[in-house]
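Here is the naming used below: chain letters follow the sequence lines, and residue numbers restart at 1 for every chain. Everything quoted here is computed from the prediction, not taken from an experiment.
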Protein chains: 2
Amino acid sequence: MARKQNVTFADIAKYTNFSKTTISRYFNNPDSLTEKNQKIIADALEKLNYQENKVARILASGQTEFVGVIIPNLFLHYYSEMLDRILSTYETFGYKFLVFLSNGDADTERQYIQELLAYKIEGLIILSHAIPSMELANLHIPIVAIEREDAHISSINTDNYMGAIQATSLLYRHNCEVLFHINNPTAKSIPAYGRIEGFEDFCREQQIPHRIFLHEMKDQTASQEHLKEILSEIEADSPGRKKGIFVSNDTHASILVNLLVRKYGKLPEDYLIVGFDDSPASRNAIFPISTVAQQIDVLATEAVKLLVEQIEEHKNSKHTPVSEPVHKMITPVLIRRETTERDPLAEND
Amino acid sequence: MARKQNVTFADIAKYTNFSKTTISRYFNNPDSLTEKNQKIIADALEKLNYQENKVARILASGQTEFVGVIIPNLFLHYYSEMLDRILSTYETFGYKFLVFLSNGDADTERQYIQELLAYKIEGLIILSHAIPSMELANLHIPIVAIEREDAHISSINTDNYMGAIQATSLLYRHNCEVLFHINNPTAKSIPAYGRIEGFEDFCREQQIPHRIFLHEMKDQTASQEHLKEILSEIEADSPGRKKGIFVSNDTHASILVNLLVRKYGKLPEDYLIVGFDDSPASRNAIFPISTVAQQIDVLATEAVKLLVEQIEEHKNSKHTPVSEPVHKMITPVLIRRETTERDPLAEND
DNA sequence: TTGTAAGCGTTATCAA
DNA sequence: TTGATAACGCTTACAA
């Protein structure tokens with residue numbers, strides 16, 4: 001009795017006296033059946049408690065509706081929010097995501113890609129940076145990169161240069177006399193390099209005294225130490241002058257604010273600070289930090305949209321080489337909070 | 001010429017003069033071939049540039065190596081770290097994860113489950129709470145819940161009760177004269193209810209004056225307002241007495257610390273605070289916050305391990321009902337930071 | 001150690 | 001509008 005594990009089209013067909021083909025049509029093109037027959041099949045599905053098998057469908061149709069995602073980690077809020085938004089596009093496009101975390105080892109990443117290909121993903125969204133875009137392009141599948149080196153593949157990036165201009169000009173408009181930029185050492189091929197470029201260009205054009213600090217700040221304690229040093233340098237550098245500091249990420253901006261507040265019991269008025277990312281760290285800081293918000297929602301949505309377009313193209317023209325890479329820039333949004341818009345009243349209550 | 005899209009076992013077989021079976025064996029049981037023949041096949045794979053097709057393998061073998069994950073979101077650090085750790089178990093167990101985000105709507109969640117079943121997942125890890133465990137148990141597939149109602153399914157939970165005891169007793173040992181607990185209203189069926197229970201039991205046993213605040217605090221601003229009110233109540237309640245506050249999560253604990261520091265320019269000595277989760281909010285707060293750390297890594301690893309065990313069982317005994325639910329508790333770790341271990345020297349530098 | 005042949009549960013191509 | 005039949009690319013008895 002308990003021979004068959006799963007109810008299949010064959011069972012439904014037998015039960016309803018239709019053919020398997022007709023059952024298949026019920027799912028893929030129901031209007032080609034009479035309403036009456038649709039109902040018969042629908043009832044049979046209920047009665048036999050049928051459950052879809054998409055694996056079989058994939059094998060026959062070739063459409064997996066899988067998209068691969070390779071992302072560095074989910075510890076950084078930036079990445080986890082991005083993945084959140086990517087996964088949410090399921091409602092719109094129906095693609096399922098196979099997610100791999102890559103710590104940065106290229107060979108591991110290659111292995112993940114092989115695994116993804118074995119599952120016949122229709123496209124790939126990549127945020128990790130271990131594998132050069134040249135190599136990725138040679139996979140000849142639709143690929144969209146987000147904020148990484150993208151010379152040979154399509155990509156969606158934040159307009160980091162514009163972001164830096166927005167941040168820097170805000171500090172400038174608030175009459176800062178000296179401007180500082182704090183960042184990690186960044187390769188020119190990476191979109192985030194625009195943050196350094198934008199800062200520098202703006203300062204040069206406006207002829208404002210400025211200085212850039214580039215330090216590798218891996219962990220929490222190292223960052224804290226470095227930022228402490230940078231702060232003393234800044235203080236020594238420009239005592240009494242109004243200082244504007246553009247920090248390349250909110251975490252470090254927040255550490256900076258904390259150092260200042262712990263030292264002075266409040267945020268000194270001659271320090272204006274702007275971070276980057278609009279991460280929780282900036283919102284929840286003791287003095288909420290002005291920041292350049294990447295529109296993560298837009299980045300994610302556009303990335304999936306672009307990928308889906310490429311997937312469609314790819315289906316229609318299997319033999320033509322994947323079309324020329326498309327690069328799209330998303331303008332970030334400047335968010336003004338207390339570290340630049342000090343309300344003098346707020347300090348007294 | 002360009003007829004065949006993919007190189008298949010048939011092609012390899014033809015090329016090497018073996019049968020498809022032998023090619024299959026090369027992948028699944030290579031030792032059953034002579035070394036010489038292994039080499040021949042390996043070379044052919046190279047030459048023909050063969051690429052695995054796991055979809056076909058799944059259909060034939062029934063083993064998808066897919067595990068479904070339903071998780072509320074990736075905005076909260078707790079969830080994204082959990083997913084990070086879950087995905088990382090790929091290295092150990094090889095299971096691939098199909099992840100769905102569920103905002104809390106039961107019907108949407110049911111739909112996701114149907115989709116997951118259609119992809120023949122071998123098991124399910126569930127962190128969302130929309131669907132009662134009773135209904136989940138009726139799916140008759142291996143399921144492990146993490147920190148949610150789990151009456152009828154296996155689960156891995158933090159020992160919230162112990163966590164609360166650890167937090168409360170720390171405040172007690174620091175000679176707090178009044179203890180407070182701030183939390184959201186929590187159903188008794190949810191593991192996190194243990195935080196309230198533990199606090200209350202400890203206070204009762206030690207006969208310490210205490211009070212519990214239960215407020216729905218959805219968004220940032222609402223929380224801020226509520227916490228401000230709670231703070232004035234606490235101040236009115238016990239002026240001059242040493243106050244210990246156990247907050248059910250680090251985000252709210254951080255807001256509390258910020259409110260205090262902004263008011264007094266420092267963290268007043270008569271306030272001791274302990275949070276929950278060891279989230280970045282606690283580490284990066286202006287005064288790093290003592291907290292009860294859930295061992296997310298352990299929770300995730302144990303959840304996958306338990307699930308894999310159940311999957312193995314399930315394979316061996318398809319017909320027996322899924323075995324009795326197993327519940328496992330993970331003890332959290334108390335982390336002492338500045339909000340309880342004030343270093344008097346640190347305040348003066 | 002290797003091969004034959006029958007699945008796995010769909011979709012796709014022709015016909016009717 | 002419906003059906004027969006051959007794919008899809010692999011695994012798995014059963015044989016040899």
Interface with DNA chain D, restricted to residues 50-58 of chain B and to heavy atoms under 4.0 Å
B/Y50, B/N53, B/A56, B/R57

Please enumerate all residues that pass side-chain contact (heavy atoms from CB on, under 4.5 Å) together with A/E46, with sequence neighbours excluded.
none

Is B/D105 reaching over with its side chain to a backbone N or O of B/T108, donor-acceptor style, under 3.5 angstrom?
yes

Length of the line joining B/D11:CG and D/dA7:C1', which is rounded to integer Å
15 Å

Would you mind reading off the distance between B/Y119 atom OH and C/dG9 atom P, rounded to a whole angstrom?
17 Å

Measure CD1/A/I12 against C1'/D/dG3 and give the value in whole Å, please.
17 Å

Residue pair A/V304, A/Y95: steps toward the side chain to side chain contact (heavy atoms under 4.5 Å, CB included) verdict:
CA-CA 9 Å; A/V304 176; A/Y95 283 90; 5.7 Å; no

Starting the side chain at C-beta, find the nucleotide from D/dT2, D/dT12, C/dT10 nearest to A/F9.
C/dT10

With a 4.0 Å heavy-atom cut-off, tell me which residues in residues 13-29 of chain B come close to DNA chain D, sorted by residue number.
B/K20, B/T21, B/S24, B/N28

If I take atom CG in residue B/L117 and atom C1' in nucleotide C/dG9, what distance separates them, rounded to the nearest angstrom?
16 Å

Once the angle between the rings of A/Y112 and A/F100 is folded into 0 to 90°, is it parallel (under 30°), tilted (30 to 60°) or perpendicular (over 60°)?
parallel

Quickly work out the A/L59 CG to C/dG7 C1' distance and round it to whole Å.
12 Å

Rounded distance in Å - CG (A/N6) to C1' (C/dG7):
14 Å

Heavy-atom distance under 4.5 Å between the side chains of B/S133 and B/R148, does that happen here?
yes

By nearest atom, which of the nucleotides D/dT2, D/dC10, C/dT10 is closest to the A/A60 side chain?
C/dT10

Salt bridge (charged side-chain N to carboxylate O under 4.0 Å, His left out) with B/E135: which residues, sequence neighbours excluded?
B/R110

Quick one: salt bridge (charged side-chain N to carboxylate O under 4.0 Å, His left out) pairs with a partner in residues 123-134 of chain A, sequence neighbours left out?
none

Show me the pairs that pass side chain to side chain donor-acceptor pair (under 3.5 Å) and involve residues 58-74 of chain B, at least two apart or across chains.
B/Q63-B/K315, B/E65-B/K96

Please step through salt bridge (charged side-chain N to carboxylate O under 4.0 Å, His left out) for the pair B/K39 and B/D43, ending with a clear verdict.
CA-CA 6 Å; B/K39 181 124 195 65; B/D43 290 347; 3.7 Å; yes

